[in-house]
Amino acid sequence: MMTNLFKGILLVGVLIYLLIIIYLMKKGRMSLKYSLMWFFSGLMLLICALFPRIIGFFTDLLGIYSETNGIFFVGVCFILLIILSLTSIASGLSERIRTLVQTQAMLEKRVRELEEKLENKNDEI
Amino acid sequence: MTFICIVIYNQTQWEITELFFDGNIWAEYILSTINDAIIIYDEEDMKVLVIIPAYNEALNIVNTVNTLTSTCPEVDYVVVNDCSQDDTAAICKKNGFNYLSLPINLGIGGGMQCGYKYAFDKGYDIAIQFDGDGQHNADYIKDLIAPIEAGEAELVIGSRFINKEGFQTSAMRRLGINLLGFTLKVCGKVKITDATSGFRAASRDVIEFFSHHYAQDYPEPESIIAARVSGFRVKEVPVVMNERTAGVSSISSFKSVYYMIKVTLAIVIYRLVGKKWR
Ligand SMILES: Nc1nc2c(ncn2[C@@H]2O[C@H](COP(=O)(O)OP(=O)(O)OP(=O)(O)O)[C@@H](O)[C@H]2O)c(=O)[nH]1
Ligand SMILES: [Mg+2]
């Protein structure tokens with residue numbers, strides 16, 4: 001069973017959480033692509049808080065003692081998933097940065113050599 | 001080396017004769033003695049690029065480059081200055097060296113990969129990794145190239161443990177290198193005595209492969225298994241290495257235990273999930 005107090009805390013917490021996400025998206029500090037998973041997890045928690053029956057059904061099914069534990073379980077699962085996807089995003093980003101740096105270095109070399117050639121030509125004239 | 005393949009018509013059939021020459025004079029002499037011969041293949045000398053990774057090598061780089069260019073005047077080189085904290089870049093510029101300068105430090109993996117990309121762009125046939133700290137001996141460059149020119153292997157590693165001459169590194173590190181050799185033998189079916197050796201030569205195909213996929217953290221052993229999984233032949237030749245004369249090594253002794261665990265795992269994982277390239 002979930003106490004009303006906990007239900008209330010959960011509701012308020014989830015609402016604040018969703019508001020922060022919307023705020024960040026509005027400010028352009030979180031791209032839509034990455035915000036979806038956060039949004040989705042927030043929505044799940046909101047549904048759980050509003051309709052504890054649903055979570056009750058699942059906790060019975062999975063053999064979890066209380067609904068509160070069920071909520072924590074869902075939360076932890078989402079956090080793990082999100083962290084995993086963050087690692088994968090970070091790997092992708094570092095790969096891109098590396099390619100960028102390498103290309104930049106080769107371009108820098110070309111520009112440097114072109115400039116030197118130009119200087120030598122100007123000196124001749 | 002000039003490679004010539006001559007096809008001769010022998011009354012009933014065409015016969016292919018492969019001949020190797022060091023200079024064109026002999027080739028022309030032999031050709032003038034053969035009638036009805038057709039040259040079907042005459043290749044120019046292989047273009048060789050020596051890639052010199054350098055991170056904080058201000059004390060060594062001039063010496064390294066000068067010894068290299070005087071020992072092997074026929075090869076090109078490029079120094080990859082990996083955002084050094086000291087004045088490696090300024091020294092390269094002042095001395096008129098051919099160099100690439102990375103704006104942020106990518107580590108030895110990203111630095112070497114940049115060198116391989118450069119080699120691929122410029123159309124080199126062979127790329128050689130040659131440490132900027134002067135530990136590698138330019139006299140052995142021709143030994144590294146030979147198996148590639150002869151078509152015996154695509155990746156050639158210079159090993160200091162075949163003839164056991166010169167600087168043999170610490171006992172701790174040798175133990176680790178043996179462990180890596182064992183792992184590579186099991187996973188890559190190849191005998192490697194000096195898996196962490198940075199003195200190596202890569203063929204054109206391997207250059208292309210490395211410019212697309214190159215291990216980042218500790219790339220020397222991992223690139224061997226990557227090449228094996230992709231179906232390249234890897235061979236070792238004996239070399240002599242020197243002790244570092246100045247500057248500091250990037251591998252401390254604490255790190256090397258961690259290094260061994262990580263690289264051994266990386267090799268096994270690559271064997272399990274790595275895919276053949278193309
Ligand atoms: N591009 C790049 N090169 C590096 C970096 N760290 C080291 N190097 C170069 O890699 C080469 C080998 O590094 P060392 O520190 O001598 O490592 P080692 O030869 O395996 O170890 P020692 O036997 O102790 O010298 C040298 O030419 C270094 O300049 C880096 O972060 N980026
Ligand atoms: Mg060294």
Side-chain angles (χ1 to χ4, degrees), chain A residues 24-25 27-38 40-41 62 73-125, chain B residues 49 51-55 76-84 88-124 127 207-208 210-217 219 223 226 266 269-270 273:
Chain A
L24 282 176
M25 282 168 67
K27 282 262 173 174
R29 294 234 296 272
M30 181 153 65
S31 63
L32 187 71
K33 196 167 120 195
Y34 302 139
S35 61
L36 280 182
M37 56 189 178
W38 292 106
F40 189 63
S41 67
L62 295 174
F73 179 69
V74 172
V76 168
C77 284
F78 264 107
I79 289 175
L80 275 182
L81 266 180
I82 290 173
I83 292 178
L84 205 65
S85 67
L86 282 181
T87 311
S88 132
I89 290 167
S91 310
L93 286 179
S94 72
E95 168 104 30
R96 287 185 198 187
I97 292 176
R98 188 170 70 237
T99 312
L100 196 65
V101 166
Q102 289 166 343
T103 317
Q104 191 272 354
M106 291 197 272
L107 279 177
E108 187 267 341
K109 181 170 187 295
R110 273 180 63 185
V111 171
R112 179 179 3 112
E113 283 167 359
L114 283 175
E115 276 177 352
E116 275 164 16
K117 246 190 215 160
L118 210 66
E119 244 168 56
N120 290 346
K121 251 203 188 129
N122 286 346
D123 286 349
E124 276 169 29
I125 299 166
Chain B
L49 178 75
I51 304 167
I52 308 175
Y55 178 62
D76 295 344
Y77 73 90
V78 63
V79 177
V80 182
N81 166 44
D82 196 2
C83 195
S84 298
T88 305
I91 289 174
C92 287
K93 197 174 170 69
K94 199 181 87 206
N95 286 278
F97 290 163
N98 189 40
Y99 72 98
L100 285 160
S101 215
L102 303 182
I104 55 178
N105 181 272
L106 291 184
I108 180 76
M112 271 312 293
Q113 190 177 31
C114 190
Y116 285 121
K117 282 185 178 168
Y118 177 81
F120 185 72
D121 273 8
K122 299 276 172 182
Y124 285 97
I207 293 174
E208 188 180 4
F210 283 168
S211 66
H212 287 105
H213 306 277
Y214 199 63
Q216 292 306 313
D217 289 346
S223 57
I269 290 174
Y270 200 99
V273 303

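By convention in this document, chain letters (A, B, ...) are assigned in the order of the sequence lines, proteins followed by strands, and residues within each chain are numbered from 1.
- Salt bridge status for Glu116(A) with Arg112(A): absent, with no side-chain N to carboxylate O gap under 4.0 Å.
- If you take OG on Ser35(A) and CZ on Arg29(A), they are separated by 14.0 Å, rounding to the nearest 0.5 Å.
- Contact count versus chain A (heavy atoms, under 4.5 Å) is highest, among Asp121(B), Ile104(B), Asn81(B), for Ile104(B).
- Both the backbone and the side chain of Thr99(A) come within contact range of chain B, judged by heavy atoms closer than 4.5 Å.
- Closest approach of Gly111(B) to Val80(B), counting heavy atoms only: O-CG1, 3.6 Å.
- At a 4.5 Å heavy-atom cutoff, the contact between Gln113(B) and chain A is made by backbone and side-chain atoms alike.
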Q: Could you walk me through whether Ile82(A) and Ser41(A) pass side chain to side chain contact (heavy atoms under 4.5 Å, CB included), step by step?
A: CA-CA 9 Å; Ile82(A) 290 173; Ser41(A) 67; 4.2 Å; yes
